[in-house]
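Some notes on the structure that comes next.
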Amino acid sequence: MKKIEVVYDYQIFIRQRMGGISRVFYEVNKRLESRKDLRLSYPLIFSQNFYFQGKVHSSRLASVSAVINYSLRAINKTVFILFLLTHRKCDIVHPTYYSGYFYYILPHKTKYVLTVHDCIQELCANKSLGNARMCYLKKKAIKRADAIIVPSQNTKKDILSIYGIDEKKIYVVNWGAEKTFADKEKTDITLPNQYILYVGARNTYKNFDNFILAVAEICSDFAELKVVCIGGGNFSKTEKRFLDELHLSDRFIQLSTDDSGLMDAYRNALCFVYPSFYEGFGIPILEAFANECPVALSNASCFPEIGGNAASYFEPDDVRSMRECIWDLIRDQDLRKDLIEKGKNRAKLFSWEKAAEKTAEIYRYLVGSRVGSEDSIHKVS
């Protein structure tokens, strides 16, 4: 049996040290690599990506200097182009981000697969020159792709609304989450006794300011309560000033940790809160479900699609709604137990194995080695 040759480029593996997009490629691809009908190639030399360690030379220099970073990107781009020029029989090119520097050297029969994780750049980001260029590259990539993989029906709806492309080109492939048991001897964080958990970046669309306002009153009534924020880097000067004004500086703790520490944080939290105005999917929701942590969610974008009846919802732009939702999860033990049980069941509907299987189905269909219709692939769960 001839293997389907799939090649991935360097883009996200040098843009991110750690991050959601590179995590998705890592989780899906490590499962695809065990398939006998696929051969995956990664023609790049340097990467600073945490998940990609061991596949290529790891370069910490990329985070030190913009000049060095640019040089490493240029080297990886050259390596990828040379690979395409010398491997004219590759079946599928699946870039890891939106730059289309390789368009004009694609072999004639090679299919182009693109993963679009969200439409944040179009709907939520600022109007800076850098963002405008990225939106231009993304639009061009979407228009040229033979197949587009998205993580949710909501992202599919957004792409159809914004770009008006053929719906049959878009395949919904839900991401997954794993219950990673913490090794107490290796966990690198110390957690407070009672805390609300926030995970990830704190950009404007993440709605962090409203989250601070929502928990401020709870903190005033709950003397021992802390708020643990994992990831996103140290609090900015603006964030620190805002917390100082609300007398919350001693309540908010920012931590960085590995997957083991993160899962430990979910399991010991009073609740996990995801206040975002917009997301393409929301892996932390599934991580919280899998680790038996009750979840308070914004009712915006894809959240109801992912959370179903296993979360408690609030209006993201209504501080009172968010506060009451969080308060209920902290005080109502019956509600907590109910949501924890529903969350465990909900998490079982999503898995990286399912994501990998559907991705393989899409690859096989595109190169004509799958028996069945295009419509049948859309129904693969």
Side-chain angles (χ1 to χ4, degrees), residues 1-9 11-12 21 24-43 80 83-84 87-98 100 102-103 105-119 138-160 162-176 280-281 302 305 349-381:
M1 177 178 63
K2 179 186 180 299
K3 290 192 175 186
I4 298 172
E5 304 278 349
V6 187
V7 57
Y8 302 85
D9 77 346
Q11 292 184 67
I12 205 62
I21 298 178
V24 167
F25 276 103
Y26 165 75
E27 295 288 358
V28 172
N29 285 26
K30 78 175 181 180
R31 291 160 175 83
L32 292 178
E33 286 170 351
S34 64
R35 301 186 65 90
K36 295 180 179 180
D37 58 339
L38 300 178
R39 179 180 288 115
L40 311 186
S41 298
Y42 308 89
F80 187 79
F83 182 91
L84 289 185
H87 294 74
R88 304 304 291 174
K89 293 184 179 180
C90 64
D91 298 295
I92 290 171
V93 167
H94 193 155
T96 58
Y97 213 53
Y98 303 124
F102 55 86
Y103 289 156
I105 59 168
L106 273 182
H108 176 63
K109 293 184 179 181
T110 299
K111 300 297 183 180
Y112 171 24
V113 177
L114 180 71
T115 301
V116 177
H117 299 265
D118 54 57
C119 289
K138 188 174 180 181
K139 178 179 180 180
K140 195 173 180 181
I142 287 172
K143 296 287 187 180
R144 294 186 69 110
D146 295 294
I148 298 166
I149 293 174
V150 298
S152 64
Q153 292 290 343
N154 188 75
T155 302
K156 176 180 177 178
K157 180 191 70 176
D158 289 340
I159 291 175
L160 291 172
I162 295 168
Y163 297 106
I165 64 171
D166 183 357
E167 183 176 2
K168 288 189 174 182
K169 288 174 59 175
I170 306 176
Y171 300 87
V172 177
V173 180
N174 294 145
W175 306 146
F281 185 74
C302 68
E305 178 185 343
L349 301 178
F350 303 84
S351 75
W352 292 116
E353 286 76 15
K354 289 181 180 179
E357 175 57 33
K358 188 162 185 179
T359 301
E361 288 282 297
I362 295 166
Y363 289 164
R364 289 197 294 268
Y365 177 79
L366 288 175
V367 301
S369 63
R370 182 188 187 280
V371 177
S373 67
E374 182 178 42
D375 289 339
S376 67
I377 304 176
H378 286 281
K379 296 177 183 178
V380 174
S381 61

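Heads up: numbering here begins at 1 and tracks the sequence. In this text, all values refer to a predicted model and were calculated from it rather than measured experimentally.
Annotation: side chain of Y42 is in contact with side chain of N29 (closest heavy-atom distance under 4.5 Å). Side-chain contact between F281 and H117 is absent, with no heavy-atom pair separated by less than 4.5 Å.
With sequence neighbours excluded, the residues that form a side-chain contact (heavy atoms from CB on, under 4.5 Å) with Q11 are D9, P95, T96, Y97, S99, Y101. For E27, the salt bridge (Lys or Arg N to Asp or Glu O under 4.0 Å) test picks out R23, K30, R31, with sequence neighbours left out. The side-chain contact (heavy atoms from CB on, under 4.5 Å) test applied to T110 returns C90, V93, L106, P107, not counting sequence neighbours. With sequence neighbours excluded, the residues that form a ring-ring contact (aromatic ring centres under 6.0 Å, His included) with Y103 are Y112. For K111, there are no salt bridge (Lys or Arg N to Asp or Glu O under 4.0 Å) partners at least two apart in sequence or on another chain.
The aromatic rings of F102 and F80 sit perpendicular to each other, their planes meeting at more than 60°, with 30° as the lower class boundary.
Rounding to the nearest 0.5 angstrom, the gap separating the CG atom in L114 from the CD1 atom in I170 is 10.5 Å. In this structure, CG in L32 is found 11.5 Å from CH2 in W352, a value given to the nearest 0.5 Å. From I159, atom CD1 reaches atom OG1 of T155 across 6.5 Å, with rounding to the nearest 0.5 Å. A distance of 9.5 Å separates CG in L40 from OG in S34, rounded to the nearest 0.5 Å. To the nearest 0.5 Å, atom OG1 of residue T359 and atom CD of residue E357 are 9.0 Å apart. A distance of 10.5 Å separates NZ of K157 from CD1 of I162, quoted to the nearest 0.5 Å.
Closest approach of A355 to V28, counting heavy atoms only: CB-CG2, 4.1 Å. Across all their heavy atoms, K138 and V116 have their closest contact at CE-CG1, 3.8 Å. Of all heavy-atom pairs between N154 and E305, the closest is N-OE1, 3.1 Å.
Applying the salt bridge (charged side-chain N to carboxylate O under 4.0 Å, His left out) test to pairs two or more places apart or on separate chains, those with a residue in residues 87-98 are K2-D91.
The backbone N or O of V172 lies less than 3.5 Å from a partner atom in the side chain of K358, making a donor-acceptor pair. A donor-acceptor pair under 3.5 Å is absent between the side-chain atoms of D37 and the main chain of K3, judged by distance alone. For the pair S152 (side chain) and G280 (backbone), a donor-acceptor distance under 3.5 Å is present. The backbone N or O of Y98 sits nowhere less than 3.5 Å from a side-chain atom of K140 that would complete a donor-acceptor pair.
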Next on the checklist: The test is side chain to side chain contact (heavy atoms under 4.5 Å, CB included); show your working for I165 and K143 and say whether it passes.
Outcome noted: CA-CA 7 Å; I165 64 171; K143 296 287 187 180; 4.1 Å; yes
Item to check | side chain to side chain contact (heavy atoms under 4.5 Å, CB included) between N174 and K354, worked out | outcome: CA-CA 8 Å; N174 294 145; K354 289 181 180 179; over 6 Å; no
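Counted by atom type alone, H94 and T115 present one or more donor-acceptor pairs between their side chains at under 3.5 Å.
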